[in-house]
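Mind looking over this structure? Questions follow.
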Amino acid sequence: MKIQKQPTLADSICDLRARKIKKTFFTQINTLIDWDTISILINNDYLKGKSATGKPSYDGTLLFKMCLLQSWYGLSDYEVEDRINDSLSFSYFCGMTIEQVAPDHSTLSRFRTALTKTQTFEKLFTSINKQLDAHNIIVKTGLIIDASVIDTPLRPKGKTNFKVTEDRCADQVEVHKEYPDSVDKEGTWLKKRGKYHFGFKKHHVTDNEGLVLGVLTTTASKNEIANLEEVLETVNVVLPKDIPLKADKGYQSKKNVAILKKRNLKNHILKKAVKNKPLTKWETRFNKLIGKTRFKVERTFGGIKLWFKGGIARYRGMKKMHTQNLMEAICYNLYRSPGIFASNCKN
């Protein structure tokens with residue numbers, strides 16, 4: 001009887017049926033990612049002891065995969081525990097046998113809190129992006145940058161007399177001592193396009209396909225135009241010189257032009273008209289050409305919101321919100337990776 005060879009990475013990824021749903025997608029991800037590397041990073045920071053009954057605690061990689069499932073499917077700690085116990089595909093993805101029971105919700109919550117304190121999710125995001133880069137999934141021909149507001153349900157109720165920052169205006173200091181305990185006191189107000197938001201803001205740097213290369217989390221009132229360099233510092237892959245950076249016209253300033261020049265990045269920020277000086281024909285054509293690629297960062301925000309029920313704060317506080325933003329970025333990149341890999345195989 002002829003022995004069948006193990007499927008290669010290309011064989012596994014190119015099966016495009018049911019990309020997110022159940023077994024096929026999970027097989028693709030397990031084939032794509034070197035989980036031993038991930039396990040080492042987690043075990044360096046996550047100190048596994050023993051439970052009160054003397055049983056060994058759960059493996060860190062298992063708990064991290066639960067976090068992935070939680071983000072992909074928009075599940076709470078309780079819900080992901082139940083789904084793993086009910087679904088064979090979920091439990092197999094986590095490396096569990098049919099006889100094993102999933103870690104309970106409190107274990108998952110403590111794991112997430114522990115890795116947030118040690119900033120391990122940053123390391124995991126970097127490691128996974130490096131693996132995707134090694135598979136030529138990340139397209140390093142340019143960068144796109146933008147920010148998106150994340151509303152929190154833990155906001156002040158009723159009318160407010162607190163200071164509200166207009167979008168892309170100078171930051172204002174807000175007084176939080178009058179907020180009740182039910183309010184996330186690390187959130188701030190922002191008025192954008194006539195609507196009021198309370199919460200945080202995530203800043204993304206993506207490649208030209210919209211895969212996330214860097215994440216910065218700030219309060220909602222933070223002016224993203226003034227912290228371009230801080231956002232660029234979060235990029236976790238090695239970039240070639242003289243690639244373009246695309247952004248909307250709000251990022252156009254002398255300071256940002258100097259930052260791009262210092263970092264050997266081409267200035268592809270949309271041109272902005274000023275009073276008594278409308279855009280020239282060339283500038284209009286330039287904006288139209290750049291816009292054909294720049295929209296992909298907005299597609300990234302939209303995809304996270306649509307596919308993973310993102311765009312709203314699940315946790316309290318800046319550090320935990322940064323963990324949420326990192327996990328959503330990891331999940332978005334992994335979700336898109338099988339399709340990109342398959343496309344590369346066809347070319």
Side-chain angles (χ1 to χ4, degrees), residues 12 18-118 120-125 127-128 131 304 307-310 312-316 319-335 337-338:
S12 175
R19 283 187 51 219
K20 182 184 175 187
I21 304 300
K22 305 296 182 180
K23 189 175 180 180
T24 302
F25 174 67
F26 297 150
T27 301
Q28 292 168 348
I29 298 304
N30 275 332
T31 308
L32 187 68
I33 298 300
D34 176 11
W35 293 108
D36 290 337
T37 303
I38 301 300
S39 180
I40 291 171
L41 287 174
I42 295 173
N43 293 339
N44 285 340
D45 294 332
Y46 180 57
L47 303 177
K48 298 178 295 181
K50 291 187 176 181
S51 65
T53 59
K55 295 181 180 179
S57 59
Y58 291 100
D59 180 67
T61 306
L62 160 62
L63 294 168
F64 178 63
K65 286 186 173 183
M66 288 182 68
C67 291
L68 289 175
L69 292 170
Q70 188 175 36
S71 296
W72 276 325
Y73 291 90
L75 303 174
S76 67
D77 291 348
Y78 291 90
E79 289 170 335
V80 74
E81 176 190 350
D82 290 340
R83 288 289 295 274
I84 290 174
N85 287 329
D86 289 342
S87 169
L88 287 176
S89 58
F90 274 42
S91 61
Y92 287 165
F93 172 69
C94 293
M96 298 172 57
T97 63
I98 196 171
E99 297 89 3
Q100 291 177 305
V101 178
D104 64 28
H105 58 275
S106 61
T107 302
L108 181 60
S109 178
R110 289 194 298 270
F111 170 80
R112 185 173 53 247
T113 299
L115 265 60
T116 297
K117 290 180 179 179
T118 57
T120 308
F121 287 105
E122 289 273 11
K123 302 173 189 176
L124 295 172
F125 181 39
S127 177
I128 289 173
Q131 293 190 44
I304 290 173
W307 298 334
F308 311 143
K309 301 178 183 179
I312 188 168
R314 290 176 173 267
Y315 309 110
R316 178 192 290 264
K319 291 182 179 180
K320 288 189 176 181
M321 277 309 306
H322 186 54
T323 292
Q324 176 182 324
N325 293 337
L326 287 170
M327 283 304 305
E328 288 177 349
I330 291 170
C331 287
Y332 180 84
N333 288 356
L334 290 176
Y335 179 55
S337 291

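These numbers come from the heavy atoms of this one structure, side chains and all, not from hydrogens, waters or symmetry mates. As the structure is a prediction and not an experimental result, all values here were calculated from the model.
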Query raised in the report: Any side-chain heavy atom of Q324 within less than 4.5 Å of one from M321?
Result: yes
Query - Residue pair I330 / F121: nearest heavy atoms and the distance that separates them - result: CD1-O, 4.4 Å
**Report entry** Minimum heavy-atom distance between H105 and E81, given as atom pair plus value
**Finding:** N-OE1, 3.0 Å
Query raised in the report: What's the spacing between Y78 OH and S106 OG if we round to 0.5 Å?
Result: 8.0 Å
Requested in this report: Drop me the distance from L69's CG to M66's CE, to the nearest 0.5 angstrom.
Outcome: 8.0 Å
Query raised in the report: With a 4.5 Å heavy-atom cut-off, do Y92 and N30 have their side chains touching?
Result: no
Requested in this report: I would like to know whether K309 and L75 meet side chain to side chain contact (heavy atoms under 4.5 Å, CB included); could you show each step before the answer?
Outcome: CA-CA 9 Å; K309 301 178 183 179; L75 303 174; over 6 Å; no
Query raised in the report: Quick one: does Q70's side chain get under 4.5 Å of R112's, heavy atoms only?
Result: yes
Report task. List in chain and number order the residues that pass side-chain contact (heavy atoms from CB on, under 4.5 Å) with D82, two or more places apart in sequence or in another chain; answer none if no residue qualifies. Result -> none
Report task. Using only heavy-atom distances, determine whether the side chains of T107 and D104 contain a donor-acceptor pair under 3.5 Å. Result -> yes
Requested in this report: Would you indicate whether the side-chain heavy atoms of E122 and H322 approach each other to under 4.5 Å?
Outcome: yes
Query raised in the report: Which pair of heavy atoms, one from L41 and one from S127, lies closest together, and at what distance?
Result: CD1-CB, 3.5 Å
Requested in this report: Could you list the residues that satisfy ring-ring contact (aromatic ring centres under 6.0 Å, His included) with F111, not counting sequence neighbours?
Outcome: Y46
Query raised in the report: Any side-chain heavy atom of L334 within less than 4.5 Å of one from I33?
Result: yes
Query raised in the report: Can you check side chain to side chain contact (heavy atoms under 4.5 Å, CB included) on Y73 and V80, steps first, answer last?
Result: CA-CA 9 Å; Y73 291 90; V80 74; over 6 Å; no
Query - Straight-line distance of L124 CG to T61 OG1, nearest 0.5 Å - result: 9.0 Å
Query raised in the report: Does the side chain of L108 reach to within under 4.5 Å of the side chain of P103, using non-hydrogen atoms?
Result: no
Report task. Measure the spacing between CG of L63 and CG of L68 and express it to the nearest 0.5 Å. Result -> 11.5 Å
Query raised in the report: Which residues pass the ring-ring contact (aromatic ring centres under 6.0 Å, His included) test with F93, sequence neighbours left out?
Result: F26, W72
Query raised in the report: Got S91 and N85 here, is their nearest side-chain heavy-atom distance under 4.5 Å?
Result: no
Query raised in the report: Does some side-chain heavy atom of I84 sit less than 4.5 Å from a side-chain heavy atom of K65?
Result: no
Query raised in the report: Roughly how far, to the nearest 0.5 Å, is CD1 of I29 from OG of S337?
Result: 6.5 Å
Report task. Of all the heavy-atom pairs spanning S71 and M327, show the shortest one and how long it is. Result -> OG-CB, 3.7 Å
Report task. Would you kindly say whether T323 and T116 are connected by a side-chain donor-acceptor distance under 3.5 Å? Result -> yes
Query raised in the report: Ignoring hydrogens and geometry, is there a side-chain-to-backbone donor-acceptor pair from S39 to W35 under 3.5 Å?
Result: no
Query - Gap between atom CG of D45 and atom NZ of K123 - 0.5 Å precision - result: 3.5 Å
